[in-house]
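All remarks here apply to the structure that follows.
Note that the numbering runs from 1 along the sequence shown for the chain.
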Amino acid sequence: MSVSLQDVVVRRRGKTVLGPITLELPNAGFTMVIGPNGAGKTTLLKVLHGVERISSGSVSWSVPSQTAREGQAYVFQSPIMLRRSVRANLAYPLQLLGLNKADISARVTKWAARIGLSAALHFPAPRLSGGEQQKLALARALIRRPNTLFLDEPCANLDGSSIREIEEILREAVHAGTQIIMTTHHLGQARRLADHVVFLNNGQIEEQASAAPFFDAPSSVGASAFLNGDIVE
């Protein structure tokens, strides 16, 4: 699903925190949203997902809005766990879809194995480690096979091993046809995964481009400074 933003502005308490933004995103692969702290990255993700009220402008998907929403999933930076078992967390989105018990069981078994939690299916999800919770949140989002997955800093505060596992899961999801729109502070991660890059600064899109030209020769002063590790204001 492709998406277009036209003159989108988000204001809070009279202050503009995002926009005006006009943007068209590709309908496949990885789109990485990067920029300094406070640039508006999370706000942009929430606007795209339809959970942030916009003050003006419009957001248009290539399919009806309801269809777009039904085909989306969102994983927050701090994973939200149901106060239930690992199995129940994985099964819940499938139950909402009305799948039969056999299909639910098969998908839960498959995804528990994929994230290394087969032996913990009956373990309370809130008691998992941070890395395990993030992988569970990601699996819970992907288990329903979304068309578009929004990820807000999914690897923040994780160790290298967990980051490697999550990136591999994300590559598999994109290969299977899921479009991923993701924020990250890890420039190395952005370089490894991105097909398309949106660089935000002070609530504005300062640059957007395919990954290779962006990282090889950014055209904006802010993006160049950011990639060099300089302070961007």
Side-chain angles (χ1 to χ4, degrees), residues 3 5 8-10 12 15-26 28-49 52 74-79 129-135 137-138 148-175 178-233:
V3 60
L5 278 66
V8 166
V9 174
V10 175
R12 297 186 190 130
K15 179 182 178 182
T16 299
V17 296
L18 188 73
I21 282 180
T22 295
L23 170 69
E24 289 191 13
L25 292 181
F30 277 99
T31 294
M32 288 289 180
V33 181
I34 64 174
N37 287 335
K41 300 185 294 296
T42 297
T43 301
L44 177 59
L45 245 61
K46 290 181 176 179
V47 165
L48 289 166
H49 189 41
E52 177 76 52
Y74 193 112
V75 176
F76 295 89
Q77 180 175 339
S78 298
S129 70
E132 289 170 334
Q133 287 191 25
Q134 193 63 280
K135 285 187 287 185
L138 183 58
T148 304
L149 174 62
F150 298 100
L151 300 172
D152 190 8
E153 296 282 354
C155 297
N157 304 316
L158 299 184
D159 61 26
S161 177
S162 295
I163 291 172
R164 188 177 297 109
E165 289 181 68
I166 286 175
E167 288 186 2
E168 182 57 32
I169 291 171
L170 296 181
R171 289 190 186 95
E172 291 174 1
V174 167
H175 183 72
T178 295
Q179 169 191 15
I180 293 180
I181 302 173
M182 171 176 163
T183 69
T184 182
H185 278 103
H186 296 281
L187 286 179
Q189 182 173 70
R191 290 176 183 272
R192 289 190 298 271
L193 297 178
D195 296 304
H196 187 80
V197 178
V198 175
F199 175 71
L200 276 180
N201 189 20
N202 291 319
Q204 301 275 341
I205 295 177
E206 193 164 314
E207 185 171 350
Q208 59 171 313
S210 297
F214 176 84
F215 288 116
D216 291 344
S219 61
S220 67
V221 173
S224 180
F226 184 76
L227 293 178
N228 286 333
D230 299 334
I231 295 173
V232 178
E233 300 181 85

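Two residues are said to be in side-chain contact when any heavy atoms from C-beta on lie closer than 4.5 Å; R192 and Q189 meet this criterion. Using a 4.5 Å heavy-atom cutoff, the side chains of L48 and L5 are in contact. Counting only heavy atoms from C-beta outward, the side chains of K46 and Y74 approach each other to under 4.5 Å. Within the 4.5 Å cutoff, no side-chain heavy atoms of T42 are placed close to those of Q77. Looking only at side-chain heavy atoms (C-beta outward), F199 and I34 come within less than 4.5 Å of each other. Residues V198 and K41 are not in side-chain contact: their nearest non-hydrogen atoms beyond the backbone lie 4.5 Å or more apart. Two residues are said to be in side-chain contact when any heavy atoms from C-beta on lie closer than 4.5 Å; L193 and I180 fail this criterion. Under the 4.5 Å side-chain criterion, counting only non-hydrogen atoms from C-beta, E52 is in contact with R12.
Within the model, atoms CZ of F30 and CG of D195 stand 7.5 Å from one another, a figure rounded to the nearest 0.5 Å. A distance of 10.0 Å separates OG of S224 from CD of E206, quoted to the nearest 0.5 Å. Interatomic distance, D216 CG to S210 OG, rounded to the nearest 0.5 Å: 11.5 Å. The CG atom of L25 lies 7.5 Å from the CG atom of L44; values are rounded to the nearest 0.5 Å. Once rounded to the nearest 0.5 Å, the distance linking OG1 of T183 with CG of L151 reads 8.0 Å. Distance OG1/T178 to CG/L170: 10.0 Å, rounded to 0.5 Å.
When L200, D152, T184 are each tested for a side chain to side chain contact (heavy atoms under 4.5 Å, CB included) with V33, only one passes: L200.
Nearest heavy-atom pair across L158 and G131 is CD2-CA, 3.6 Å. Residue G29 comes nearest to V174 through the heavy atom pair CA-CG1, 3.8 Å, listed as atom of the first residue, atom of the second, then distance. Counting all heavy atoms, side chain and backbone alike, F226 lies closest to L187 at CE2-CD2, 3.6 Å.
Using modelled atom types and a 3.5 Å distance limit, the side chains of S219 and E207 yield a donor-acceptor pair.
In this structure a side-chain-to-backbone donor-acceptor pair under 3.5 Å is present from Q134 to P154. Looking at Q179, its side chain never comes within 3.5 Å of a backbone N or O of T31 through a donor-acceptor pair.
Taking the charged nitrogens against the carboxylate oxygens, E167 and R171 do have a contact shorter than 4.0 Å, which makes a salt bridge.
Applying the side chain to side chain donor-acceptor pair (under 3.5 Å) rule to S129 yields the partners E132; only residues at least two apart in sequence or on another chain are considered. Taking F214 as the reference, nothing meets the ring-ring contact (aromatic ring centres under 6.0 Å, His included) condition, with sequence neighbours excluded.
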Taking only distance into account, with no hydrogens and no angle test, what donor-acceptor pairs under 3.5 Å do side-chain atoms of residues 16-24 form with protein atoms, sequence neighbours excluded?
| from | atom 1 | to | atom 2 | distance (Å) |
| --- | --- | --- | --- | --- |
| T22 | OG1 | D7 | N | 3.1 |
| T22 | OG1 | D7 | OD1 | 3.2 |

